[in-house]
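Report on one structure; see the data block that follows.
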Amino acid sequence: MNDDQNLKRVPKHLAIILDGNGRWAKQRHLPRLFGHRAGLRKLENMVRLVKREGIRYFSVYAFSTENWNRPKMEVDGLMSLFRYYIRRKVDEVKKEGARIRFCGRKDKIPEELAKQMQWAEDYTRDQNILDFILCINYGGRAEIIDAVNNIIKSGRQDPINEDDLKKYFYLPDVPDPDLIIRTSGELRLSNFWLWESAYSEYYFTNTYWPDFDEQELRKALDDYAGRERRYGGLKS
Ligand code: FPP
C-alpha cells in the first residue's frame, strides 16, 4: 500500500464517547469526580495523539442532555471541570493548532461557563489543523428537533431534503464521524451523533476512559483501517 492509500484510511472525523470514569474511580475507592478529572487528563493527551495521526475533526461526548439528571454535586463538579479546562488549557490547545468548538444546546449552561465557551471559540477560531469538538449538553434527538423547529421558524413551507436539514444542525460544516469509539464496555450510542452516525464505523472496548491510552487508540485506528466501507453499495 502506498502512502496515499494509507492516508485515506485515517478517519477524517473521529468521535469518542468518553465512558467509564465513574467505574474507574469506584475501582480505586475514589469519588466519581476523581474519575472525571482523570478522564480530562487523558483527553488532554488524546488531542495531541489525534493531531499526530492527521485526524482533522475530533469530537467527544462530554455531557449529554440527559446528564443533567445526575446528582447535583456531580453535575456541578463537571461544570467546574469544563471551566477549569477552558481557563487553564485552551492556550496549549491553540498552540497545537486546534480550534475549539462546542456542540449542543446553549440553554441550561451556567452563565459564566457559557461566556467562557464563547471566548474559547473566538480565541481559537483561526486554528486550522484540528477541530476539537466538545459536545456539552448535546443530544442527537435534541439536535434534530432544534433543526426542525428552526426550519419552521424560518417560514419555509416546501419539502426539505437531507442537505437542507443538515444546514440547521449545530455544526453544519463538520463531516459525519467516520469512526465512533465507545469505552467501558457499553454497546450503545446513547443519543450521540444520531443522524450523523448513519454510516459511521463503531469500535467498542472494555477499557474505562481514564485508561484509554496511545496503544488503545492505535488498536482502534488499525481496526478501522482494515474495514471496508460500502455506504450501502457493493464491494469495490
Ligand atoms: C461518562 O462516564 C463520562 C462523563 C459523563 C463525563 C465525561 C467528562 C470528562 C472526561 C471530562 C471532560 C472534560 C472536558 C473539558 C471535555 P460515567 O460517569 O458515566 O462513568 P460510569 O458509567 O462508569 O459511571
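The analysis underlying the following values was restricted to heavy atoms, covering all of them including side chains, and did not include hydrogens, waters or symmetry mates. Indexing begins at 1, ligand by ligand and atom by atom, following the structure's order.
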(request) Starting from atom 4 (C) of ligand 1, find the nearest protein heavy-atom neighbour and note its residue, name and distance. (result) H36 CE1, 3.8 Å
(request) Provide, to 0.1 Å, the distance between atom 3 (C) of ligand 1 and the closest protein heavy atom, together with that atom's residue and name. (result) L18 O, 3.1 Å
(request) Please state which part of N67 comes within less than 4.0 Å of ligand 1, counting heavy atoms only: side chain, backbone, both or neither. (result) side chain
(message) Could you go through D122 and R99, starting from their C-alpha distance and side-chain angles, then the distance that decides it, and tell me whether this counts as salt bridge (charged side-chain N to carboxylate O under 4.0 Å, His left out)?
(response) CA-CA 9 Å; D122 294 341; R99 171 181 178 190; over 6 Å; no
(request) Could you tell me the residue and atom name of the protein heavy atom closest to atom 13 (C) of ligand 1, and the distance to it rounded to 0.1 Å? (result) L40 CD1, 3.4 Å
(request) Look at the rings of Y199 and Y231 and say which category their plane angle falls in: under 30° parallel, 30 to 60° tilted, over 60° perpendicular. (result) tilted
(message) Counting only nitrogen or oxygen atoms and a 3.5 angstrom limit, does R23 reach ligand 1?
(response) yes
(request) Name all residues meeting the salt bridge (charged side-chain N to carboxylate O under 4.0 Å, His left out) criterion together with E111; count only those two or more places apart in sequence or in a different chain, and write none if there are none. (result) K115
(message) Are any of the N/O atoms on G22, whether in the backbone or the side chain, positioned under 3.5 angstrom from an N/O atom of ligand 1?
(response) yes
(message) Do F34 and L43 sit in one hydrophobic cluster, given that two such residues count as connected whenever their side-chain heavy atoms are within less than 4.5 Å of each other, even indirectly?
(response) no
(request) Tell me, please: is K42 in heavy-atom contact with ligand 1, that is, under 4.0 Å? (result) no
(message) Could you go through K219 and D223, starting from their C-alpha distance and side-chain angles, then the distance that decides it, and tell me whether this counts as salt bridge (charged side-chain N to carboxylate O under 4.0 Å, His left out)?
(response) CA-CA 6 Å; K219 264 205 292 200; D223 191 288; over 6 Å; no
(message) With a heavy-atom distance limit of 4.0 Å, tell me whether R70 approaches ligand 1 through its side chain, its backbone, both, or neither.
(response) side chain
(request) Considering only NZ, NE, NH1 and NH2 on the basic side and carboxylate oxygens on the acidic side, decide whether R218 and E53 come within less than 4.0 Å. (result) yes
(message) Give the atom numbers and elements of ligand 1 that come within less than 4.0 Å of a heavy atom of L134.
(response) 16 (C)
(request) Pull out every atom of ligand 1 sitting under 4.0 Å from any heavy atom of L43, numbered as shown with elements. (result) 16 (C)
(request) Salt-bridge test for D76 and R70: reply yes if a basic N is under 4.0 Å from a carboxylate O, no otherwise. (result) no
(request) Heavy-atom contacts with F82 under 4.0 Å: which atoms of ligand 1 show up? List them by number with element. (result) 13 (C), 14 (C), 15 (C), 16 (C)
(message) Taking only non-hydrogen atoms of G20, do any sit less than 4.0 angstrom from ligand 1?
(response) yes
(request) Using a strict cut-off of less than 4.0 Å between a Lys/Arg side-chain nitrogen and an Asp/Glu carboxylate oxygen, indicate whether R23 and E186 qualify as a salt bridge. (result) yes
(request) Compare P210, C135, A62 and give the one whose heavy atom is closest to atom 8 (C) of ligand 1. (result) A62
(request) Kindly give the heavy-atom pair with the smallest separation between M117 and I86, and that separation in Å. (result) CG-CD1, 3.8 Å
(request) Could you pull out all residues at least two apart from T207 that satisfy side chain to side chain donor-acceptor pair (under 3.5 Å)? (result) T205, E216
(message) At less than 4.0 angstrom from any non-hydrogen atom of Y85, what atoms of ligand 1 do you find?
(response) 15 (C)
(message) Minimum distance, heavy atoms only, to atom 18 (O) of ligand 1: which one of R32, E74, Q27 is it?
(response) R32
(request) Write out the residue and atom name of the closest protein heavy atom to atom 10 (C) of ligand 1, then the distance separating them to 0.1 Å. (result) N21 ND2, 3.3 Å
(message) Below 3.5 Å, N or O to N or O, backbone or side chain included: is there any such pair between D19 and ligand 1?
(response) yes
(message) Can you confirm whether the side chains of W193 and S59 place a donor and an acceptor under 3.5 Å from each other?
(response) yes
